[in-house]
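Report on one structure; see the data block that follows.
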Amino acid sequence: MKHPNLHVVILAAGRGTRMRSSQPKVLQPLGGRPMLAHVLDTAQALSPAATHVVVGHGADAVKARFAEAPVHWVLQNEQRGTGHAVQQALPGIPDDARVLILYGDVPLLTRQTLGALVDADGPALLSVVLPDPSGYGRILRDEDGAVSAIVEHKDANPQQLSIDETNTGVMAARASRLKDWLSRVNSDNAQGEVYLTDVVELAVGDGRTVEVVQASDPEEVAGVNDRAQLAAAERVLQRRCATALLDAGVTLLDPARFDQRGRVSVGEDVVIDINVILEGDVELGDGVEIGPNCVIRNARIGDGTIVHAQTVIEDAEVGPSCQIGPFARLRPGTVLVGDNRIGNFVETKKARLEQGAKAGHLAYLGDASIGKRVNVSAGVITCNYDGANKHQTVVGDDAFLGTDSQLVAPVRIGARAYIAAGSTITRNAPDDALTICRARGQKSIPGWRKPKKDPTPQ
């Protein structure tokens with residue numbers, strides 16, 4: 001359900017110096033996608049009226065990466081703290097809107113956790129209890145347990161540092177209230193910045209009760225500031241992905257040795273072996289089996305197909321009941337209609353194989369249309385590139401391509417044609433005929449002796 005008065009503000013202006021990267025922090029990859037993409041997904045799941053993203057360092061790169069995203073971009077020219085960042089977005093938000101503030105480097109939050117913040121009547125913040133709260137702002141409460149303020153770690157005294165309930169920075173409040181409170185916040189602190197957290201004390205001073213929603217899982221609210229934290233977030237995300245697939249009925253032979261870097265849809269009785277990587281948009285039909293150490297990227301795999309070990313499939317469409325691999329590579333533009341066999345060390349690119357066509361081993365099929373039930377023997381290649389342009393090879397139904405043949409495109413092989421082993425085909429081969437083209441006849445040289453190694457040490 002759409003929240004007509006909800007505006008989400010995502011703070012994504014930081015440089016992330018601890019990443020030691022020329023790339024903005026929010027563009028660092030998590031599960032094969034920029035961190036910010038995960039935050040945007042969560043925001044969109046709340047069905048807000050609008051989403052505002054505050055950018056600063058690397059703003060052009062961030063906006064270019066999300067050029068199609070339904071967001072309002074807000075530029076923070078000078079990074080002067082979280083409160084200052086929110087101030088940049090507020091002029092574009094109606095006073096009566098409820099504002100939810102998220103962070104581009106806190107990518108694992110879920111819609112379920114944020115729901116209570118969105119639905120609260122007054123100001124609300126998200127807290128978490130940490131066994132080691134070092135570096136985090138502490139939630140201060142009065143004698144009745146009500147929130148009185150938040151103190152940042154660098155400004156806290158020893159007693160306050162002993163508190164283990166910490167601020168996540170995620171907050172929700174009415175836009176008019178935020179505008180008022182932030183206008184009264186100063187930068188008199190250790191960082192010399194305008195802290196968003198200072199609005200809590202101002203809200204309490206104005207007689208407002210600040211509701212606290214406590215996150216149950218510290219991993220969900222963890223920020224990502226360096227490579228170690230990014231790696232830790234990756235493992236959390238991969239556990240979530242594995243659990244979702246298990247819940248969908250997939251057999252993962254070892255959930256800890258599986259990576260999903262995109263969106264995956266699955267049918268029934270899918271089996272995935274160890275060290276499989278699924279990237280981009282992947283669709284696995286009923287009864288699909290993926291062997292160990294495979295990479296499948298932006299591909300659709302039909303019912304009953306088996307992908308054997310060490311196979312790479314990218315931007316390809318594989319029909320039902322195919323056998324692929326081991327050690328096969330399907331490059332972009334490959335289409336297997338069904339009942340196809342692509343064996344070890346076979347590579348395809350922009351090739352369409354009709355029903356029942358097979359290439360058992362050691363072959364290359366590029367820019368090719370292969371008819372039904374065609375047999376592609378070992379060592380067959382389509383010579384599709386002339387040094388400047390690509391050309392098409394067409395093979396008719398039931399043709400047989402003998403071992404170590406080269407098909408020099410553009411060329412057409414007729415239906416039921418038989419190409420003799422070792423042939424280099426440069427002209428069209430007719431239907432129902434044996435075509436043979438070898439450089440010269442076979443010759444034996446009598447009296448030939450095998451070369452001997454020179455016994456003199458080198």
Side-chain angles (χ1 to χ4, degrees), residues 6-93 99-109 111 114 169-170 196 222-227 229-231 233-234 237-238 241 259-264 277-282 295-299 314-315 331-333:
L6 176 64
H7 284 244
V8 177
V9 175
I10 302 174
L11 307 188
R15 179 175 182 176
T17 54
R18 282 185 278 171
M19 285 290 180
R20 300 188 180 277
S21 173
S22 60
Q23 185 170 242
K25 178 167 64 170
V26 295
L27 294 185
Q28 296 296 327
L30 179 68
R33 305 167 66 215
M35 275 199 291
L36 180 57
H38 299 274
V39 184
L40 287 172
D41 284 351
T42 302
Q44 288 304 114
L46 295 168
S47 300
T51 300
H52 310 259
V53 181
V54 181
V55 291
H57 176 77
D60 290 342
V62 176
K63 290 193 286 186
R65 179 61 180 81
F66 293 94
E68 303 300 321
V71 303
H72 300 285
W73 298 103
V74 179
L75 182 62
Q76 185 187 20
N77 285 308
E78 183 182 1
Q79 280 72 64
R80 293 173 47 207
T82 51
H84 178 259
V86 174
Q87 282 179 312
Q88 310 313 300
L90 287 175
I93 299 175
V99 179
L100 173 66
I101 299 166
L102 304 177
Y103 297 81
D105 59 358
V106 183
L108 299 176
L109 276 168
R111 178 182 59 82
L114 296 173
V170 177
L196 176 63
V224 176
N225 297 297
D226 56 32
R227 299 291 181 178
Q229 292 174 345
L230 183 63
E234 182 74 30
L237 180 63
Q238 292 306 330
C241 292
D259 281 86
Q260 177 180 325
R261 301 170 187 170
R263 294 180 174 89
V264 177
I277 299 174
L278 304 180
E279 296 185 347
D281 292 319
V282 175
V295 178
I296 299 177
R297 181 183 300 116
N298 295 321
E314 180 179 6
D315 292 299
R331 291 170 58 191

- Item | Closest contact, heavy atoms only, Pro34 versus Arg65 | CD-NH2, 3.3 Å
- Query: Is a side-chain donor or acceptor of Tyr103 paired with a backbone partner of Gly169 at a separation under 3.5 angstrom?
  - Reply: yes
- Task: Hey, could you give me each pair passing ring pair (Phe, Tyr, Trp, His ring centres under 6.0 Å) that has a residue in residues 46-67? Not counting sequence neighbours.
- Result: His7-His52, His52-His72
- Message: Testing the basics here: between Pro107 and Ala222, what is the closest heavy-atom pair and its distance to 0.1 Å?
- Response: CD-O, 4.1 Å
- Check Ala12 against Val26 and note the closest heavy-atom contact, atom names and distance. CB-CG1, 3.8 Å
- Item | Heavy-atom donor-acceptor pair, Asp281 side chain to Asn298 backbone, under 3.5 Å | no
- Does the side chain to side chain contact (heavy atoms under 4.5 Å, CB included) test come out yes or no for Thr42 and Leu108, once each step is laid out? CA-CA 9 Å; Thr42 302; Leu108 299 176; over 6 Å; no
- side-chain hydrogen bond (donor to acceptor under 3.5 Å, both in side chains) against Glu234, all qualifying residues, sequence neighbours excluded: Gln238
- Message: Show the nearest heavy-atom pair for residues Thr51 and Ala43, with the distance to one decimal.
- Response: OG1-CB, 4.3 Å
- Any Gln28 side-chain heavy atom under 4.5 Å of Val224 side chain: no
- Task: Determine the sole option in His84, Gln88, Gln87 for which the side-chain hydrogen bond (donor to acceptor under 3.5 Å, both in side chains) test with Gln76 is passed.
- Result: His84
- Give the minimum heavy-atom separation between Ile93 and Ala89, together with the two atoms involved. CG1-O, 3.6 Å
- Check: Arg227 side chain, Met19 main-chain N or O, donor-acceptor pair, under 3.5 Å: yes
- With side chains defined as the heavy atoms from C-beta onward, is the minimum distance between Asn225 and Lys25 less than 4.5 Å? yes
- Test salt bridge (charged side-chain N to carboxylate O under 4.0 Å, His left out) applied to Arg33 - qualifying residues, sequence neighbours left out: Asp41
- Note on the structure: On a heavy-atom basis, the closest approach of Pro29 and Leu230 is O-CD1, 3.6 Å
